2 protein chains.
Amino acid sequence: MAVKRAPRRRLSADERERHIARGAVAFFCEVGFGGQTRELAKRLGITQPLLYRYFPNKEALIERVYREVYLNRWDPRWEEMLDDHSRPARERIVAFYRDYAKAVLSYEWIRIFMFSGLRGMNLNSRYLTLVRDRVYTRVIRELRREYGLPSPAEVPIGEMEFELVWALHASIFYIGIRKWIYGLEIPENVDEVVENLATSFLDGVPAVMAKSLKPAAKSLKPLKPALKTRKPATNVLKPAAKVPRRAPRPRG
Amino acid sequence: MAVKRAPRRRLSADERERHIARGAVAFFCEVGFGGQTRELAKRLGITQPLLYRYFPNKEALIERVYREVYLNRWDPRWEEMLDDHSRPARERIVAFYRDYAKAVLSYEWIRIFMFSGLRGMNLNSRYLTLVRDRVYTRVIRELRREYGLPSPAEVPIGEMEFELVWALHASIFYIGIRKWIYGLEIPENVDEVVENLATSFLDGVPAVMAKSLKPAAKSLKPLKPALKTRKPATNVLKPAAKVPRRAPRPRG
DNA sequence: TTTCCTACTTATCGCCATATAAATAACGCA
DNA sequence: TGCGTTATTTATATGGCGATAAGTAGGAAA
């Protein structure tokens, strides 16, 4: 039986570029960056050479996928949220992680994040350094305040304290890994789980934290103070040279 | 300048097979399974067709890599360790996780585990189901006992309890991800970190756990009882048909 | 020392993936 | 309604990678 061919439709260059970019995200996060341009084109309902009208080569397309996924993932309100002293610290922290989990626990993000890490991109470390500077420092600061411990200005944040916050981050992110990388079942009510993880964190942390703050503690190694340099926010990637569309070739 | 060629050395078939297998692990865990057989052969100091004398195709070689890495990773003493009632529960649990972390936080394991997950292998889920049945259930059982809560025989283990143990597992495993996938710096003294994570876990968990055990709790959803079927232990993968070496071809 | 088995190499096939060049046709505009 | 621009397709080049076939030589045994 003959394949019914959809009537050819011309999109504006911008529309098509976005169309391809979105499709590429969905495609590559599923099969990895080894996925073939032919297969991608087929899914998009276009021919493979058309991709090369919009992106000079596959690598540029992948670059575009990174921008699509990494950009605008950061919600600047998170920082305000953690700073809002009108609410109790515990409530703020729990609320933040509930929000953050919603933003981060998606098929696309989890997989692209892993793929880019395994490929040796440094996007991951850039992104996570940002998280550390914008979030971890705040969480620790508020925890210190909550438990009557010295402020980071008085005693700089120690390695071990960061590790404790890393652990909470990890336990949330790992829910996504279990589901979208290992293909395991996870609880239906992720919100409740995250809430419990944050709560359990808040209950378990102070003992260890207080211990690590005692000058006698074995490995109290202050880190470079974070939160010092104030960057423009939001963008993990540079605003970035937009890939120039290929000029139509002269004919004849 | 002429390339100094190492004198050709003949290994016994078994030796060469292991040589290739070990090299393949190191190679594929670094570049992923998309890595080229030519490049692998170069690193091994052999020619690429020789690979095909020992493995019928690339997929079989990859299969061999899985066996090499997954097999014998499980230490049966872990279960005994957790069951040893002559030591306090907290001590046992902390000691177990210190040990487990040492076994699991390696470049090879972390990366192969991720690569196999992203490839859609079900090895990950098989392995992790084993961990759940052999470890998580024990940890929860001991915790319940420690805190005077009903035993799993009386009240089956709930979803949320498993989630709490997952969280500890995640926070340890994630240390490896940070280092070997994201390329981030991690503390020198991982042992101490793991100890603190386990401690913080033990301090933080009981409140949430007790809550989740109250019949009134929202989502007390008992899971299928684990630890029931006793499997031969140790092997995650089937003992597995050894790839038959290719018979030398008749000549002339 | 000679022989013979087989580990290993050289040479090469054939396919498939990225990428380019040339031809076609959809749509805006006159 | 016809024209020109350019989005899109068809056809194809080019190289790389998995895999095979045939020839070479190491070393154990006699």
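Letters A, B, ... are given to chains in the order of the sequence lines, protein chains preceding strands, and every chain is numbered from 1. This is a predicted model, so every value here is computed, not measured.
Rounded to an integer number of Å, the gap from A:L40 CG to C:dA19 P is 13 Å. B:L44 has its CG atom 11 Å from the P atom of C:dT9, to the nearest Å. Rounded to whole Å, atom C1' of C:dC5 lies 11 Å from atom CZ of B:R53. Atom CD in A:E15 sits roughly 11 Å away from atom P in C:dC27 (whole-Å rounding). Between the CD atom of B:E39 and the P atom of D:dG18 there is a distance of 11 Å, rounded to whole Å. Rounded to whole Å, atom C1' of C:dA17 lies 14 Å from atom NZ of A:K42. The separation between A:I46 atom CD1 and D:dT8 atom C1' is 9 Å, rounded to whole Å. In this structure, the OH atom of B:Y54 is 17 Å from the P atom of D:dT20, given to the nearest Å.
At distances below 3.5 Å, not a single donor-acceptor pair connects side-chain atoms of A:N122 with backbone N or O atoms of A:S125.
Looking at the side chain of A:R10, the nearest of the listed nucleotides D:dT9, C:dT9, D:dT8 is D:dT8. Across D:dA19, C:dA26, C:dA7, the shortest atom-to-atom separation from the side chain of B:K58 is found for D:dA19. Taking every side-chain heavy atom of B:N57 into account, D:dA19 is the closest of C:dC8, D:dA19, D:dT9.
For C:dA19, the base has a donor-acceptor partner in the side chain of A:Q48 [N/O atoms by modelled type, under 3.5 angstrom]. Under 3.5 Å, the side chain of A:R16 and the base of D:dT8 form no donor-acceptor pair of N or O atoms.
Using a 4.0 Å cut-off between charged nitrogen and carboxylate oxygen, B:R22 and B:E68 do not count as a salt-bridge pair. Salt-bridge check for B:R67 with B:E63: failed, with every basic side-chain N at 4.0 Å or more from each acidic carboxylate O. Under 4.0 Å is where a charged nitrogen must lie from a carboxylate oxygen, and between A:E59 and A:R119 at least one such pair does.
Comparing B:L11 and B:R38, the nucleotide of DNA chain C nearest to each residue sits closer to the 5' end for B:L11.
Taking the ring centroids of A:F113 and A:W180, they lie at or beyond the 6.0 Å cut-off.
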Expected list for residues 38-51 of chain B: side-chain donor-acceptor pairs under 3.5 angstrom, two or more places apart:
from: B:R43; atom 1: NH1; to: B:E30; atom 2: OE1; distance (Å): 3.0
from: B:Q48; atom 1: NE2; to: B:T37; atom 2: OG1; distance (Å): 3.2

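A:L51 comes within contact range of no nucleotide atom at all, as no heavy-atom separation falls under 4.0 Å.
Taking only side-chain nitrogens and oxygens, B:Y52 never comes nearer than 4.0 Å to OP1 or OP2 of D:dA21. Dashed line: the shortest gap from a side-chain N or O of B:T37 to OP1 or OP2 of D:dG18 is under 4.0 Å.
Listed by residue number, A:G35, A:Q36 are the residues of residues 24-36 of chain A with a heavy-atom contact under 4.0 Å to DNA chain C.
Using bins of under 30°, 30° to 60° and over 60° for the plane-to-plane angle, the ring pair A:Y100/A:H169 lands in the tilted bin.
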